[in-house]
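Structure, as structure tokens:
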Amino acid sequence: MNNDFQATITATIARAPDWIRQELLSKEKTTRARAEEALAAMIADAIQQNDSDPSGR
């Protein structure tokens, strides 16, 4: 993984809302899966935005 992707992912996780953080800790599979999907969507969106930014930022 290159540094840009790692920085993008790290920044996205750092700004994840509290509800995602709490639900990732849940023992309930469906609750945890919902949080995982939401976080994955946030990361995918951040990577896509990063790729479409011609300045590389």
Side-chain angles (χ1 to χ4, degrees):
M1 181 179 310
N2 70 33
N3 288 337
D4 288 341
F5 281 137
Q6 186 169 357
T8 299
I9 293 168
T10 301
T12 303
I13 292 170
R15 70 172 193 273
D18 287 337
W19 74 265
I20 288 179
R21 295 172 189 272
Q22 291 300 316
E23 288 190 2
L24 285 170
L25 299 172
S26 177
K27 293 184 188 281
E28 292 184 34
K29 275 184 152 182
T30 56
T31 302
R32 198 171 52 248
R34 180 178 53 205
E36 290 167 354
E37 289 174 9
L39 184 56
M42 288 177 64
I43 291 169
D45 183 59
I47 289 171
Q48 183 178 16
Q49 286 181 13
N50 190 40
D51 285 348
S52 66
D53 185 357
S55 69
R57 293 184 208 161

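Computed from a predicted model, the values in this text were never measured in an experiment.
When all heavy atoms of Glu36 and Leu24 are compared, the pair lying nearest together is CG-CD2, 3.7 Å. Minimum interatomic distance between Ser26 and Thr31 (heavy atoms only, all atoms of both residues): OG-CB, 3.6 Å. Arg15 and Met42 make their closest contact through O-CE, 4.4 Å (heavy atoms, listed as atom of the first residue, atom of the second, distance). Considering all non-hydrogen atoms of both residues, Trp19 and Ala38 come closest at CH2-CB, 3.7 Å. Of all the heavy atoms in Arg21 and Ala14, the pair that sits closest is NH2-O, 2.8 Å.
Listed by chain and residue number, Phe5, Thr8, Ile9, Ile43, Asp51 satisfy the side-chain contact (heavy atoms from CB on, under 4.5 Å) test with Ile47 (two or more places apart in sequence, or in another chain).
In this structure, the separation between CD on Glu28 and CZ on Arg34 is 9.0 Å, given to the nearest 0.5 Å.
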